[in-house]
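Just below is one structure, and these are the notes that go with it.
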Number of protein chains: 2
Amino acid sequence: MSEVALGVDIGGTRTKLAFVERSGRRLAQGTFRTDAHDSADGYVEALVEAVRSARRELGDGHTVRGVGIGAPNANHFRGTVEDAPNLRWKGVVPLARLVSEALGLPTVLTNDANAAALGEMRYGNARGLSDFVLVTLGTGLGSGFVSGGKLLYGHDGLAGELGHVIVEPGGRLCGCGRRGCLERYASVTGLVLTVRELLASGRPSSLGELDADGLGGRAVDAAARAGDELALEAFARTGQRLGLALANAVAITSPEAVVLFGGLVAAGERILEPTRQAFEENLLATWRGRVRLLLSGLDDAEAGVLGAAALSWREHEGG
Amino acid sequence: MSEVALGVDIGGTRTKLAFVERSGRRLAQGTFRTDAHDSADGYVEALVEAVRSARRELGDGHTVRGVGIGAPNANHFRGTVEDAPNLRWKGVVPLARLVSEALGLPTVLTNDANAAALGEMRYGNARGLSDFVLVTLGTGLGSGFVSGGKLLYGHDGLAGELGHVIVEPGGRLCGCGRRGCLERYASVTGLVLTVRELLASGRPSSLGELDADGLGGRAVDAAARAGDELALEAFARTGQRLGLALANAVAITSPEAVVLFGGLVAAGERILEPTRQAFEENLLATWRGRVRLLLSGLDDAEAGVLGAAALSWREHEGG
């Protein structure tokens with residue numbers, strides 16, 4: 001009899017799910033479009049259908065111990081997804097309860113960056129670490145802080161909003177309505193905004209020939225690989241912002257490592273080198289050379305479901 | 001039979017100690033000059049003498065459960081005071097072990113801001129709170145983060161260095177060797193530095209007549225009370241820096257309250273009003289109007305020993 005947990009990774013476009021053994025082995029999986037459903041009820045119906053299908057693929061001889069869900073704007077304490085700008089269902093949705101009732105399984109929920117941190121701690125490059133920060137660098141910047149082996153949730157379950165630390169008062173307008181948030185500088189979106197600013201200042205670059213749709217993270221990375229100075233400068237500025245912000249976060253939580261994950265990290269040393277340099281420069285002497293800057297040990301494609309499954313295993317084990 | 005803990009508050013100039021009941025009642029106390037001793041051994045001898053004297057004052061019928069020490073640059077995990085710039089004994093001093101051996105009592109140590117946070121949680125305005133930040137605003141800026149009812153120590157016991165978050169890259173030189181640390185702006189020292197900058201820019205003020213020795217936090221506060229515009233502007237700028245930094249810290253740890261303590265707080269609304277305004281302005285909408293900005297409920301003179309005693313009680317109770 002094998003035990004498995006169901007990991008569900010809800011993204012704005014797609015939902016992925018997998019039955020995962022304690023070891024991290026995925027035995028059966030599925031996926032469907034999140035954005036095909038404009039109500040939570042409709043979404044849960046589609047989820048149940050996808051789970052049934054994966055359950056058939058899984059076959060007999062397995063006990064499903066529980067469900068873990070990673071979702072944007074999720075509140076672990078309340079089991080809710082709250083006013084998620086990237087999901088079509090609006091308001092406060094009691095998703096953990098809805099899924100638990102629909103599947104008849106204990107269900108826990110946390111936000112996607114927290115789930116990624118748990119996945120990294122159980123299956124990735126944060127194995128054996130009890131104090132680290134996971135930072136996801138994609139469209140935005142998400143973070144999960146693990147302290148003393150536990151996720152830092154704060155009083156309301158909403159801690160870890162490193163992306164909304166203000167690093168430039170009066171700076172770039174953020175989706176949150178304020179200005180100067182870190183995620184408007186240190187993310188794929190931030191990188192592209194920096195390129196646009198540099199282009200607007202009249203600096204020459206092959207990127208100037210692209211239209212708005214073509215000017216994304218991949219185009220900037222391709223230009224940087226080809227030696228485009230403006231693209232390289234944009235990576236350098238992005239890394240400087242990120243490195244300083246990470247050093248400041250270390251001053252508060254003193255982790256042994258910072259683990260970087262997400263689309264921006266695909267640029268490898270182009271983003272890591274300036275980040276590492278600014279990180280070391282801005283650390284207090286106590287921590288200089290002692291806090292590791294690591295890349296995620298998980299594939300982008302699997303990290304979400306593994307993190308969600310890790311959440312379920314943790315709950316099952318009483319962590 | 002009454003139970004007491006011995007609280008020891010080590011400051012750069014003076015050490016204070018008191019036998020404290022669980023309730024926070026101080027039954028006997030003492031004080032001696034920290035800076036009269038240039039070795040840890042000599043210091044511990046003086047401490048033992050002061051403890052004996054207080055013990056006599058305490059009288060019979062009391063069991064001493066343990067010793068708690070709050071000290072600058074203290075490492076809770078290692079029980080050490082490490083390279084404290086404001087103490088005359090240098091290097092890494094295993095103070096918890098030295099005191100435990102000298103007094104024959106279980107002894108625990110933490111840094112002064114962490115001790116203040118524990119004191120506030122047990123005896124002050126953070127009673128009943130499990131997620132808060134205590135910020136001491138004196139010569140420097142210290143902080144203790146409590147999360148889920150426990151001090152946030154990080155992997156090495158050194159978490160909570162909010163004073164060394166860099167808020168102005170390339171800014172004012174800090175004692176840590178870097179530039180732009182928060183404590184060079186948001187502290188009594190920071191306030192005075194801001195006054196000096198404003199005076200140097202040619203702004204008129206009654207403070208311009210004071211020599212360097214006379215220009216301290218009290219003089220600035222007196223001038224502000226008398227309506228001096230430059231002094232008021234210095235408080236406003238100090239509060240803006242502090243409020244933004246606190247809002248950014250909230251984004252990471254999501255506390256239910258921030259408790260302010262120390263010399264700068266004596267200025268009351270002159271510092272609180274601009275701090276509160278910047279704090280609210282810079283909070284994510286989720287937290288706006290929901291995270292309380294509180295003043296310490298403890299007197300400056302007693303907070304240190306109460307915090308140190310709280311540390312000992314906590315250890316004794318297995319917290």
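Residue numbering restarts at 1 for every chain, and letters A, B, ... go by the order of the sequence lines.
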Q: Keeping the roles fixed (side chain from A:N248, backbone from B:V165), state whether a donor-acceptor pair exists under 3.5 Å.
A: no
Q. Does B:H155 reach the main-chain N or O of A:S130 with its side chain, forming a donor-acceptor pair under 3.5 Å?
A. no
Do you know which of [options] has the most heavy-atom pairs under 4.5 Å to chain B?
options                        : answer
A:L129, A:L158, A:D83          : A:L158
A:G177, A:S143, A:G148, A:G160 : A:G160
A:E161, A:R178, A:E256         : A:R178
A:T253, A:L162, A:I166         : A:I166

Q: Compare every heavy atom of A:L152 with every heavy atom of B:I252, then report the nearest pair and how far apart it is.
A: O-CD2, 4.0 Å
Q) Of the non-hydrogen atoms in A:D156 and B:S254, which two are nearest, and what is the gap between them? A) OD1-OG, 2.6 Å
Q) At a heavy-atom separation under 4.5 Å, does A:L244 approach chain B through its side chain, its backbone, both, or neither? A) side chain
Q: Evaluate whether atom CZ of A:R288 has more than 12 neighbouring non-hydrogen atoms of other residues, nucleotides or ligands under 6.0 angstrom away.
A: yes
Q. Would A:W287 and B:H164 count as a side chain to side chain contact (heavy atoms under 4.5 Å, CB included) if you check the C-alpha gap in whole Å, the side-chain angles of each, and the deciding distance to 0.1 Å?
A. CA-CA 12 Å; A:W287 291 305; B:H164 292 288; over 6 Å; no
Q) How many angstroms lie between SG in B:C174 and CG in A:L284, if you round to the nearest 0.5 Å? A) 8.0 Å
